[in-house]
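The first residue in the sequence is number 1, and the count goes up from there.
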Amino acid sequence: MKGANNYTTNRRNVLRYTAGASTIGLASLAGCIGDADDDEGNGNGNGNGNGNGNGNGVDADELTITLSQFPDTIDPLDHITGDYFDIYDHIYEPLFDFVPGEGIFPRVAEDWEPQDNGTTEVYLREGVSFHNGDTLTAEDVAWTINRTVDPDIGVQSPIGTFGLGSITGADAVDDTTVAINYNASAGLAEFEFGNYARAMNRQWAIDNYDAENEAISGADPEDFNGTGPYQVVDFVSGEEIVVEAFDDYWGDEPPFETVTFNASGESSSRVAALETGEADVTMNILPEDVNTVQEAEGVDIRNITSFRTIFCPMKNTVAPFDSQDFRQAMNYAVDNDAIVNEILSGFGEPTSQPVAPGINGYNPDLEPYEQDIGRAESLVEDSGYGGAEITLTAPQGRYLNDAAIGERVADMIDQLDNVSCEVDIVDFPVVSDANQAGVDPDEFDIPFYMIGWGTITGDTDYGVQGFFTIPDNPARTFDDEELSDAILETQQIDDVEERTAALQDVNAMAREKAPFVFLHTQESIYGAESSLEWEPREDETIYVWEMSR
């Protein structure tokens with residue numbers, strides 16, 4: 001498996017697997033964390049593959065994946081969350097294979113070459129067909145990119161804003177060559193189109209769905225038409241989508257004939273589906289449900305430190321967060337080791353910077369702030385805000401045990417002699433709105449809140465530019481020209497190594513300026529049927545073609 005690094009047994013793993021389950025020994029632990037060879041035959045399946053399997057009786061040609069959220073749109077460009085991509089990437093495949101920590105590799109695009117004029121030419125594979133039989137052309141790819149980034153056509157897409165931020169458009173050079181245009185360095189553009197470039201069938205989309213003016217919608221399998229290894233054969237809007245291997249797929253035959261995607265919003269329900277054989281893979285299992293999976297037969301936990309960091313932005317256009325001393329004090333007030341060990345049962349790592357390990361530009365020399373109450377209280381006094389009363393707003397149900405973490409962070413800050421901190425637990429959209437409200441004090445009510453961000457492009461720019469850059473970014477959370485200028489300068493650096501070093505400097509500057517209370521890098525916790533050979537990825541992407549039995 002590419003880029004994954006789980007299945008190691010270190011001190012933190014021992015902690016997480018033994019917490020609350022003293023009967024689980026290291027011998028069973030070793031089996032639980034990935035030795036699929038140990039999981040053949042548990043004696044309780046009936047071989048009919050109809051839901052009582054527990055590892056036996058599974059159909060080698062069928063797979064069911066239960067997500068935490070089912071897409072509420074069928075337009076493959078009208079979303080940016082992981083659950084959507086986990087389904088639609090199998091139908092509308094990416095042009096490139098992105099490997100976390102390694103870069104992009106040929107897929108539908110066979111090769112690509114920067115042209116030294118703000119353009120990269122991408123050379124497409126010949127003989128790629130859409131599910132309706134039409135042949136993929138460069139015009140399809142160029143139109144798809146333009147529909148994503150041009151506000152005058154298609155749908156307003158967060159993919160265009162965040163994912164393809166430096167891409168200005170695309171043109172078809174010939175039948176299999178696409179020129180992608182951008183206003184930043186070729187390296188940054190490569191991270192973006194390497195992750196977000198896909199192809200829709202231009203004429204099909206315009207003729208059937210007025211796709212230059214509307215989002216694609218519908219309730220039938222025929223309303224999907226990509227070039228991916230799977231085509232839709234059954235679809236119940238909001239509930240389930242069933243795909244089958246596409247006979248005319250250009251690439252290798254996919255590993256399963258039929259794949260069903262469904263969703264459940266409750267971790268316990270997803271675990272129950274796994275236990276009964278109704279799901280072969282499920283995601284976002286809460287730490288308190290891990291032992292249930294571990295003790296069940298024929299299923300096991302797969303986990304990995306993801307690209308998602310959890311943190312608490314502090315908007316520095318209002319007191320007391322306009323003081324760097326005060327912001328650093330908030331970091332010194334919090335014991336992240338205790339939060340990870342006690343609330344996440346070890347499923348996380350304290351973080352020192354905006355992005356996670358494995359991201360291009362991550363600075364390995366930066367250490368997380370360690371709790372130091374005396375230093376925190378001293379910095380508060382230095383800031384001139386002794387006696388400050390603040391509120392931390394935290395979501396419930398969006399991230400692993402987020403409400404409990406928010407309560408603990410607020411309590412730790414409240415332990416300072418010279419700061420009073422309360423917590424306000426809210427629905428996720430409240431903090432999402434706060435995060436997008438900008439830094440004008442007249443435009444926001446919540447200056448201090450908890451949120452998470454997955455840097456899924458694998459590049460630091462995606463993890464910092466939206467929060468910190470100033471020009472043309474009304475949704476930023478921090479107002480600092482020095483930090484903004486440093487980020488913008490990195491966007492123009494073509495040399496790969498030079499740009500990586502500059503991004504590491506950006507992360508060091510961010511740690512020093514403390515725009516966030518840096519909390520932890522979240523682990524992704526999955527449950528999987530034991531005979532399934534699959535390792536999760538840092539970018540939280542689920543690809544069926546990386547699985548086998």
Geometric class of the H90/F261 ring pair [parallel <30°, tilted 30-60°, perpendicular >60°]: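 If you compare the ring of F261 with that of H90, the planes turn out tilted.
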Ring geometry between F224 and Y88 (parallel below 30°, tilted from 30 to 60°, perpendicular above 60°):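 If you compare the ring of Y88 with that of F224, the planes turn out tilted.
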So which heavy atom on [X] is nearest to which on [Y], and how close?
{"X": "W534", "Y": "R302", "answer": "O-NH1, 2.6 Å"}
{"X": "N132", "Y": "N225", "answer": "N-OD1, 3.0 Å"}
{"X": "Y92", "Y": "A199", "answer": "CD2-O, 3.8 Å"}
{"X": "T120", "Y": "W112", "answer": "CG2-CB, 4.0 Å"}
{"X": "W545", "Y": "D89", "answer": "CH2-O, 3.6 Å"}
{"X": "P71", "Y": "I87", "answer": "CD-CD1, 3.5 Å"}

Main-chain N/O of [Y] paired to [X] side chain as donor or acceptor, under 3.5 Å:
{"X": "N146", "Y": "G169", "answer": "no"}
{"X": "E529", "Y": "S531", "answer": "yes"}
{"X": "S484", "Y": "I470", "answer": "yes"}
{"X": "D61", "Y": "E257", "answer": "no"}
{"X": "N507", "Y": "Q504", "answer": "no"}
{"X": "R125", "Y": "E110", "answer": "no"}
{"X": "E497", "Y": "D495", "answer": "no"}
{"X": "N435", "Y": "V431", "answer": "no"}
{"X": "S530", "Y": "G298", "answer": "yes"}

Ring pair (Phe, Tyr, Trp, His ring centres under 6.0 Å), paired with F96, selected from F193, F105, Y196: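 That would be F193; it is the only one of F193, F105, Y196 passing the ring pair (Phe, Tyr, Trp, His ring centres under 6.0 Å) with F96.
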Can you tell me how far the [atom1] atom of [X] sits from the [atom2] atom of [Y], to the nearest 0.5 Å?
{"X": "T500", "Y": "I359", "atom1": "OG1", "atom2": "CD1", "answer": "12.0 Å"}
{"X": "Q491", "Y": "S166", "atom1": "CD", "atom2": "OG", "answer": "7.5 Å"}
{"X": "Y526", "Y": "E535", "atom1": "OH", "atom2": "CD", "answer": "12.5 Å"}
{"X": "S548", "Y": "L63", "atom1": "OG", "atom2": "CG", "answer": "11.0 Å"}
{"X": "Y449", "Y": "T477", "atom1": "OH", "atom2": "OG1", "answer": "5.0 Å"}
{"X": "M200", "Y": "I216", "atom1": "CE", "atom2": "CD1", "answer": "3.0 Å"}

Does the side chain of [X] come under 3.5 Å of the side chain of [Y] through a donor N or O and an acceptor N or O?
{"X": "Y84", "Y": "T73", "value": "no"}
{"X": "T351", "Y": "E349", "value": "no"}
{"X": "S306", "Y": "E540", "value": "yes"}

Residue pairs, two or more places apart or on separate chains, that pass side-chain hydrogen bond (donor to acceptor under 3.5 Å, both in side chains) and touch residues 242-255: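 For residues 242-255, and leaving out neighbouring residues, the side-chain hydrogen bond (donor to acceptor under 3.5 Å, both in side chains) pairs sorted by first residue read E93-Y249, E93-W250, R107-Y249.
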[X] atom [atom1], over 12 foreign heavy atoms within 6.0 Å:
{"X": "E126", "atom1": "CD", "result": "no"}
{"X": "Q492", "atom1": "CD", "result": "yes"}
{"X": "N117", "atom1": "CG", "result": "yes"}

Within residues 115-137 or reaching into it, pairs that qualify as ring pair (Phe, Tyr, Trp, His ring centres under 6.0 Å) - sequence neighbours excluded: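 As it turns out, the ring pair (Phe, Tyr, Trp, His ring centres under 6.0 Å) pairs with a partner in residues 115-137, which skip direct neighbours, are H131-F246.
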Ring pair (Phe, Tyr, Trp, His ring centres under 6.0 Å) pairs, two or more places apart, involving residues 203-222: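 Sorted pair list: W204-Y209.
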Partners passing side chain to side chain contact (heavy atoms under 4.5 Å, CB included) against E214 (at least two apart in sequence or in another chain):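 Only D210 meet the side chain to side chain contact (heavy atoms under 4.5 Å, CB included) criterion with E214.
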For E222, all residues meeting salt bridge (charged side-chain N to carboxylate O under 4.0 Å, His left out), sequence neighbours excluded: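 Scan of E222 (salt bridge (charged side-chain N to carboxylate O under 4.0 Å, His left out), adjacent residues dropped) gives none.
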ring-ring contact (aromatic ring centres under 6.0 Å, His included) assessment of Y462 paired with F307: CA-CA 11 Å; Y462 187 82; F307 284 168; over 10 Å; no
Derivation of the side-chain contact (heavy atoms from CB on, under 4.5 Å) call for R198 and T148: CA-CA 10 Å; R198 288 163 178 77; T148 311; over 6 Å; no
Side chains of [X] and [Y] in contact at under 4.5 Å (non-hydrogen atoms):
{"X": "D140", "Y": "T137", "answer": "yes"}
{"X": "V141", "Y": "V122", "answer": "no"}
{"X": "T309", "Y": "P354", "answer": "no"}
{"X": "L67", "Y": "M283", "answer": "yes"}
{"X": "I104", "Y": "E190", "answer": "yes"}
{"X": "S68", "Y": "S267", "answer": "no"}
{"X": "Y399", "Y": "R308", "answer": "yes"}
{"X": "I487", "Y": "D461", "answer": "yes"}

Step-by-step side-chain contact (heavy atoms from CB on, under 4.5 Å) determination, Q465 to V506: CA-CA 10 Å; Q465 62 91 9; V506 164; over 6 Å; no
D134/R202 salt bridge by N-O under 4.0 Å criterion: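 Salt bridge between R202 and D134, a charged N being under 4.0 Å from a carboxylate O: no.
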Given T282, D280, N262, the one that forms side-chain hydrogen bond (donor to acceptor under 3.5 Å, both in side chains) with T66: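 Single side-chain hydrogen bond (donor to acceptor under 3.5 Å, both in side chains) partner of T66 among T282, D280, N262: N262.
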Stepwise side-chain contact (heavy atoms from CB on, under 4.5 Å) test for I310 and M450: CA-CA 7 Å; I310 307 297; M450 191 178 92; 4.1 Å; yes
Residues in side chain to side chain donor-acceptor pair (under 3.5 Å) contact with T541, at least two apart in sequence or another chain: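 Listed in chain order: D539.
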Derivation of the side-chain contact (heavy atoms from CB on, under 4.5 Å) call for D223 and F235: CA-CA 10 Å; D223 296 320; F235 175 54; 6.0 Å; no
